[in-house]
Peer 1: 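So that we are looking at the same thing, I have put the structure below in structure tokens.
Whatever order the structure lists them in is the order used to number ligands and atoms, beginning at 1. One-based numbering along the sequence shown.
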Amino acid sequence: MTEFELIARYFARPVHERQGVGDDCALIDAGERTLAITTDLLAEGVHFFRDVDPASLGHKALAVNLSDLAAAGARPRCFLLALSLPPPRADPAWLEAFSGALFELAGREGCELVGGDTTRAAAVGAADGPVTVCITAIGEVERATLRGRSGARAGDDLWVSGELGDAALALAHARGEVRLGPQQARDCERRLLWPQPRVGLGLALRGLASAAIDISDGLVGDLGQVLERSGVGADVQVPQVPRSEALRAVERTLQLRCLLAGGDDYELLFTASPSHREAIFAAAQHSGIGITRIGSLTKESGLRLLGESGIDATLRGFDHFAGTCQGPPSFDPTRRT
Ligand SMILES: [Mg+2]
């Protein structure tokens, strides 16, 4: 069963309160304002290693939520934190590092902690229970500039921010699939453990982007969401998809896998009318984030990866519940004990 099948079968119900179903955030009208609400769960053994740096965990737990707000073009307001922690790791050093990085990012993005809950993670067999961190973030959007995944139109340009694939390359390095130099390994690991949510860019693109999503599961998988919801297809010029020098240097199969199906980049993928090109470059410059045009949307459905021959047809995004994942972000946590 895939993650989407699981949701469709057990948790899809008619909703009256919520708009933006299937988008990065639920949208709730509250008087004059529209609230964008999102939640993400990080679990030990699934999303991070047991020996994770608690500072990076605190940062990433909030960053992935702020990334969803960025996709929706929402301004972060506040968040709630639910933390399950086994007693051996509830020590002052762990908590200080975790909370320090969490509040550092929260302060930078103007987002306050307003509530939450903590519990002790019970023992499972001989081992301590796993650490889990769940954050719910709340932002505000302007009704006039609401955007989700369904607004893309044939003829729109397709854009991404930053560079893709380094987070997946860090995992490939950790698994021994590739040997990076020490500096490159550190840079890639930083992309994996300290993702930077593109909040400023998301805000600057209000009224310009017709659809947007943050790339958490890989370019192909997340673009597929936009195409399906918008009822359009896309031509992607693979050689134009931006990548780091480190990724450029690794062999082609792994490079394309990281670039096209690697998760955890948290860059923005967005679509916009070609008439907005100048305004979009200005918005990106204003927010200090690089952007690249990687293709365009077509009436003809389906995703065509152009400019590279022989791309593995099984490349796709990461799915937590599918047994046949081909993408790199799935890893065996027992490899590092
Ligand atoms: Mg998202």
Peer 1: Test of understanding: with salt bridge (charged side-chain N to carboxylate O under 4.0 Å, His left out), list the residues that count as partners of Arg206, not counting sequence neighbours.
Peer 2: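 Scan of Arg206 (salt bridge (charged side-chain N to carboxylate O under 4.0 Å, His left out), adjacent residues dropped) gives Glu142.
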Peer 1: Any Lys/Arg nitrogen of Asp166 or Arg190 sitting under 4.0 Å from an Asp/Glu carboxylate oxygen of the other?
Peer 2: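 A salt bridge is absent here (no side-chain N lies under 4.0 Å from a carboxylate O).
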Peer 1: For Trp159 together with Phe281, are the ring centres under 6.0 Å from each other?
Peer 2: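 Yes - the distance between ring centres of Phe281 and Trp159 falls below the 6.0 Å cut-off.
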Peer 1: Listed by chain and number, what are the side-chain hydrogen bond (donor to acceptor under 3.5 Å, both in side chains) partners of Arg186, not counting sequence neighbours?
Peer 2: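 Residues passing side-chain hydrogen bond (donor to acceptor under 3.5 Å, both in side chains) with Arg186: Gln183.
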Peer 1: List in chain and number order the residues that pass side-chain hydrogen bond (donor to acceptor under 3.5 Å, both in side chains) with Ser296, two or more places apart in sequence or in another chain; answer none if no residue qualifies.
Peer 2: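 Applying side-chain hydrogen bond (donor to acceptor under 3.5 Å, both in side chains) to Ser296 gives none.
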Peer 1: For the Mg ion (ligand 1), what is the number of protein N, O or S atoms at a distance under 2.8 Å?
Peer 2: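 If we list every protein N, O or S atom nearer than 2.8 Å to the Mg ion (ligand 1), we get 3.
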Peer 1: Can you confirm whether Arg9 is buried at CZ, in the sense that more than 12 heavy atoms of other residues, nucleotides or ligands lie under 6.0 Å from that atom?
Peer 2: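 It does not: Arg9 CZ has 12 such atoms or fewer within range.
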